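This structure is a prediction, so every number in the text was calculated from the model and none was measured. Chain identifiers are assigned alphabetically (A, B, ...) following the order of the sequence lines, protein sequences preceding nucleic acid strands; residue numbering begins at 1 within each chain.
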2 protein chains.
Amino acid sequence: MKLSTSEENYIKAIFKLQDLHNTVPATLLAAEVKTKAASVTDMLKKLYSKKIIHYKPYKNFTLTNAGKKIALDIIRKHRLWEYFLVHKLGMNWDEVHPIAEEMEHVNNPLLIQKLDEYLEHPCFDPHGDPIPDKNGNIRMVEQSDICSSPIKKTLTVSSIKDQSITMMDLLKHYQIKIGTKLKLVRKFDFDGSVEIKIEKLAPTIISNQVAKNIFCTQ
Amino acid sequence: MKLSTSEENYIKAIFKLQDLHNTVPATLLAAEVKTKAASVTDMLKKLYSKKIIHYKPYKNFTLTNAGKKIALDIIRKHRLWEYFLVHKLGMNWDEVHPIAEEMEHVNNPLLIQKLDEYLEHPCFDPHGDPIPDKNGNIRMVEQSDICSSPIKKTLTVSSIKDQSITMMDLLKHYQIKIGTKLKLVRKFDFDGSVEIKIEKLAPTIISNQVAKNIFCTQ
DNA sequence: TAAAAAGTTTAGACAAATCTAAAAATAAAT
DNA sequence: ATTTATTTTTAGATTTGTCTAAACTTTTTA
C-alpha cells in the first residue's frame, strides 16, 4: 500500500503522541502536524478506511497493529538518515532533524537495507533515540547514566537526556557523541564528579551534573 | 523560491529534451513526465509566471537562464545521490535511478554541500554522466575511449557508451566501473583488442568492441 | 444536573495537479 | 491554397489535502 507523505506524517505523529499521552486528542494531533482539527478529522476517516487506526466519531483513536508497524518503519528510516547525516556527512545533530523529515519518505526497502548495512546496524540515532530494526522491534538495551555504570568497563554512549545547546556545547568540548566509547575510571565522592577515559584521549573529569545526563550501554 | 516536486520534474524534463531536440514539443514533454498535453499547458503557464521558461501560446518554449540554473541544480543532486548509492551503499547502477529520482527533491543546500565533500567532489555519476558543480557548471573533461588513449598512462573510467545488460554483465566480470583506475598496456593490431592493467588486478585483454565503449579521462 | 466550555465533526470552498472532451491554432499534404 | 492531420489550448470535472464557519458531542463546572 502506497502512502502519501501527508498520511505518513499523521501516522508518525499519532505514534509519537500515543507514546507520550495515553489517549490522543485530535487538537494535539492537529498541532503536531501543523494543521487544523477539521483536517485531522478528514485524515482520520481516511486512515480508518485503510485500517491504520481504530476510530469511531467523537471517540479516541489509536493505531492498529498495521499502523504501528508503518509508524516504526518511518521512524526507522528517519533515525537511520539522522545517523548517516551526523556520522557520515559530519553534520550537527541539531540540524539534521528537518532533513531526515524529508528523507524518511523516500520509499525503497532495498535502500534502507543497504543504508543500515553501511552504517553497521546502529541502535541509536544521534539524539540517543533507539532505531527500530527492520521488523519494527526496538531492541531494549540496558542503559544507565555514567554515575551508575560499573567502573573500568567499556561503555558506549547511547543517549543524552538534556539536549540543550549548552549541554551540546559541553559535549562537543569533551568530544563526546552518541557512539563514543569510554571507561569510567573513578568517582569522586566529594562532588559526585567522575573521571572518564575516552578512547585515544587523555582522561578527564566531568561534573556529576553532566555525567547524570549521559547514558551508556555496556 | 520553493518549487513542488512536480514543477521540478517538469523543469528537469524540459532541460533534458532541450538538449536532445532543439525545440521541445509539448507532447514529448507530456510523455517524459508521464502526463497529458493538457496538463503540460497548465504547467507551462505556471512556469512562465515564475519566469522559469519563455512561453507564448502555441509557440515553442525554452528554459530561461534561471530555469536552466534550477535544472542543473536538480541534476546535480540526482547524480550525487546516484554516486552515493553505487559507491557508498554498493547498489547496482541499474537500480539507483528511481531512488535518486526521489532523493533529488530533498531541498537543503548544506546537505548537498556535505554530500559532495563526503563523496570527494565526483565529476561523473555511475552512468558516466557529468555532475554539475554547485554553480551549475559542467566541467568539460577530455574523454577518449580506451583504444584512443595513450599507452601506460593512468586512466579513470568516466563513462560507458553502451549501457546494455550484456555490456554491464561483462564490465562486472572485468571489475570495471565508473571511477576505476587502469592503464592501457598495449594494443594488438590483429583484432584491435587491448591489454589493460587495473589497480591490484592481473592484466587482462579486452576486445576492441568493449574497449571502444569505455571512455576515460587522463 | 443544567449551563458553559472545550473538543470534534460536517458542510462548503479552495488550491494544486491532474484528467477528458472539445475547440482553436499550426503544420503538412494533396 | 485549401483540406487534412497534428499539436496545443480551453473548459469543466476530479482528487488530495487543506481551510473557515457552523453544528454537534462530550466534558467540565458551578
- [ ] Check the distance between C:dA16's C1' and B:K50's NZ and give it to me in whole angstrom.
- [x] 10 Å
TODO: Could you check which residues of residues 33-43 of chain A get a heavy atom under 4.0 Å from DNA chain C? Sort them by number, please.
DONE: A:A37, A:A38, A:T41
Task: Phosphate-side-chain proximity, A:T27 and C:dT8, N/O vs OP1/OP2 below 4.0 Å - done: yes
- [ ] Send over the distance from A:L29 CG to C:dA6 P, rounded to a whole Å.
- [x] 20 Å
TODO: With A:E101 as reference, evaluate A:K34, A:K77, A:R79, A:K12 under the salt bridge (charged side-chain N to carboxylate O under 4.0 Å, His left out) test and give the passing residue.
DONE: A:K12
TODO: Check the distance between C:dA16's C1' and B:N9's CG and give it to me in whole angstrom.
DONE: 15 Å
Task: Short side-chain N/O contact to D:dT16 OP1/OP2 from A:Y10, under 4.0 Å - done: no
Open item on the list: Parallel, tilted or perpendicular, judged at 30° and 60°: which one describes the rings of B:F84 and A:W81?
Closed with: tilted
- [ ] Using only heavy-atom distances, determine whether the side chains of B:H105 and B:N9 contain a donor-acceptor pair under 3.5 Å.
- [x] yes
Task: Any donor-acceptor N/O pair, A:R139 side chain to A:I131 backbone, under 3.5 Å - done: yes
Task: Euclidean distance, atom CG of residue B:L3 to atom P of C:dA16 [Å, nearest integer] - done: 13 Å
- [ ] Please name the pair of heavy atoms, one in A:A66 and one in A:K51, separated by the smallest distance, quoted to 0.1 Å.
- [x] CB-O, 4.2 Å
TODO: With a 4.0 Å heavy-atom cut-off, tell me which residues in residues 52-64 of chain B come close to DNA chain C, sorted by residue number.
DONE: B:Y58
Open item on the list: What I want to check is whether the side chains of B:S6 and B:S4 have a donor and an acceptor closer together than 3.5 Å.
Closed with: no
Open item on the list: Output the rounded distance in Å from CD (A:E8) to P (D:dT16).
Closed with: 16 Å
Open item on the list: Looking at every non-hydrogen atom in both residues, tell me the closest pair between A:T180 and A:Q175 and how far apart they are.
Closed with: OG1-O, 3.9 Å
Open item on the list: Tell me whether the rings of B:H97 and B:H78 are parallel (<30°), tilted (30 to 60°) or perpendicular (>60°).
Closed with: tilted
